[in-house]
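So you know, we letter chains A, B, ... as the sequences are listed, proteins then strands, and number each from 1.
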Protein chains: 2
Amino acid sequence: MKFGIRKQRNHLGGCRLQSGPGSLILESGAEAATPSFSDDGKNTIASQLVSRLREAIISGQLEAGSKINLDRAKQSFNVSLSPLREALARLISDGLVEFEDNRGYRVSPVSLSNLEEITSLREEFETYALRESMRVGDVEWEGNVMRALHRLNRAERDASKPETLEQWEAVHREFHLTLISGCRRPLLLNFCKTMLNLNDRYRRTFLTRTSGDRNVSVEHSEIAQGTVARDMDYACDRLREHIHRTGTNLRRHLAEKGIA
Amino acid sequence: MKFGIRKQRNHLGGCRLQSGPGSLILESGAEAATPSFSDDGKNTIASQLVSRLREAIISGQLEAGSKINLDRAKQSFNVSLSPLREALARLISDGLVEFEDNRGYRVSPVSLSNLEEITSLREEFETYALRESMRVGDVEWEGNVMRALHRLNRAERDASKPETLEQWEAVHREFHLTLISGCRRPLLLNFCKTMLNLNDRYRRTFLTRTSGDRNVSVEHSEIAQGTVARDMDYACDRLREHIHRTGTNLRRHLAEKGIA
DNA sequence: GCTTGACAAATAATCGATGATTTTTCAAAA
DNA sequence: TTTTGAAAAATCATCGATTATTTGTCAAGC
């Protein structure tokens, strides 16, 4: 007996979860597009908060390293303490939030060494997962890869339009996750997803546009083509280069901003 | 102004956090041995609960796949709902607990495919971390490895005495973590630690003693010797075999118990 | 001026109660 | 007998208030 939009008769009246002044208004347009599926796993306030907080951190709206004041966060997200704490606790696993007893939560700081670890772990883990996917992935997975590539190529990335940036980020993330989704290893996929999140935070914070000497579309296409052709070495080498180049670019931008 | 045992004047009177009938009494003797260091990171009830719940799950006291009834857990751990929920939320990251909106928390189930994934991921990434450790690890790390090996060799593993089993588990875990602790990659170490936890749950649940055709002490010694000698291929091969053998044994025991 | 320690303010952590959802029960209808 | 659906019970989720800890302030002592 679950269909359509949930009743959600909580204490907040109609204007539930509206956000603070000017910022943090998230994912309110997207879910209107698919109204009958809007309740997959985001029924509770705590779960909604996990998504909203994650997005706020990855997008850079919540500054890296900054302390998360519970009272203020409570107000700007218009929620009460219990779901907020629970959501933050879950975000620790993502590496996006840190916690210390009696000192509360803070947004994980960024650093050069952290970025370098993320990059090298992505190189290792994502190519491993890609290889496994090519080994055991089925035809449906291949189709998903091609579809994800197509969507990515169609999505334009115009820095002047924030909504296209959001959209590009979503399909880009989806592309990388689809590539490795054939491997049938939930724990590995979960870890790769976490690393991708962390990486995206750096990209969205420090990289407004790609470096001139890259054609990222071609890189994506080569990876995808090699993948569906099951050319393991070729696909993995392209993917590794792709990850490595982004890491190098990011490292330069961090250095420019004086981040150690 | 933090020394010695914390005041901890909470509402529970003297008999705080005592557990339910007959089971789940954990880590009460150990902390008396090191009274002046008992408060590293476990001040709050929620954080204490994380440790206690993790240990209860890994040791098998909380049955795999079973639902965690919040009311009952609240009572048997003698805590209130807020820290309990927060602790469980944090444990999701460890892969020890699963969660579903409005259906609550449950202990992650065990399965053959889960075990196989854990084993193969350990083979890949523990050897990767070991190689990195040998590449960049310093002398202090080498010393730590030899000390961990020594402690492991000294610890006896008598199935008839549960407290020695606990002790052996602790030093065994410490040995494996120390091996890779030289790599200077917190995210990688964290992942390996998680996999080790998951693996230990299988071992402690399904393997009361090691198979007769193994000399685990020798295996550990070979790994450690190869490691401090920085013989990368040798050490990694020994470690991989070690992990693989345990995986094979476990798989057999799971099959015997009819677990798919 | 610098340190120290008590006090106050800010913040984090916990609790008990209440609201919301899921699960169970059970009688009526098919 | 099986199915259905409403009511009851059990359980989960959230809230507001209370308690505990940390941080900030500032005057007294050195």
Short side-chain N/O contact from K67(B) to OP1 or OP2 of dT11(D), under 4.0 Å = no
Provide, to the nearest angstrom, the distance between the CZ atom belonging to R106(A) and the P atom belonging to dT23(D).
-> 10 Å
R184(A) with E117(B): basic N within carboxylate O range, under 4.0 Å | no
Would you kindly give the NZ-to-P distance between K74(B) and dA10(D), to the nearest whole Å?
-> 15 Å
Rounding to a whole Å, what distance do you find between N43(B):CG and dA13(C):C1'?
-> 12 Å
Salt-bridge present (E166(A), R204(A); N to O < 4.0 Å) = yes
note: E100(B), atom CD; dA13(D), atom C1'; distance rounded to Å ~ 15 Å
When the nearest nucleotide of DNA chain D is assigned to N69(B) and to L81(B) on a heavy-atom basis, which residue is associated with the more 5' position?
-> N69(B)
For Y105(A), which contact category applies under a 4.0 Å heavy-atom criterion: base, sugar-phosphate, or nothing?
-> nothing
Whole-Å distance, I45(A) CD1 to dA20(C) P, equals 10 Å
The side chain of N102(B) lies closest to which of these nucleotides: dT22(C), dT14(C), dT11(C)?
-> dT22(C)
Rounded to the nearest angstrom, tell me the gap between atom CD in Q75(B) and atom C1' in dG16(C).
-> 14 Å
For T205(A) and I58(A), which heavy atoms make the closest approach, and how far apart are they?
-> OG1-O, 4.4 Å
Distance in angstrom units between L70(A) CG and dT14(D) C1', rounded = 16 Å
Gap between atoms CG and P, on D71(A) and dT14(C) respectively (whole Å) | 16 Å
With respect to the phosphate group of dT23(C), does any side-chain polar atom (N or O) of R103(B) fall under 4.0 Å of OP1 or OP2?
-> yes
Ring center gap for F125(A) and F191(B) short of 6.0 angstrom = yes
Are side-chain N/O atoms of R151(B) and H172(B) paired as donor and acceptor at under 3.5 Å?
-> no
Looking at dA13(C), dT22(C), dT11(C), which one has an atom nearest to any side-chain atom of R85(A)?
-> dA13(C)
Would you classify I68(B) as touching base, sugar-phosphate or nothing, given that sugar-phosphate means primed atoms plus P, OP1 and OP2, and contacts are heavy atoms under 4.0 Å?
-> sugar-phosphate
May I ask you to evaluate whether S82(B) reaches the phosphate of dT14(C), defined as a side-chain N or O under 4.0 Å from OP1 or OP2?
-> no
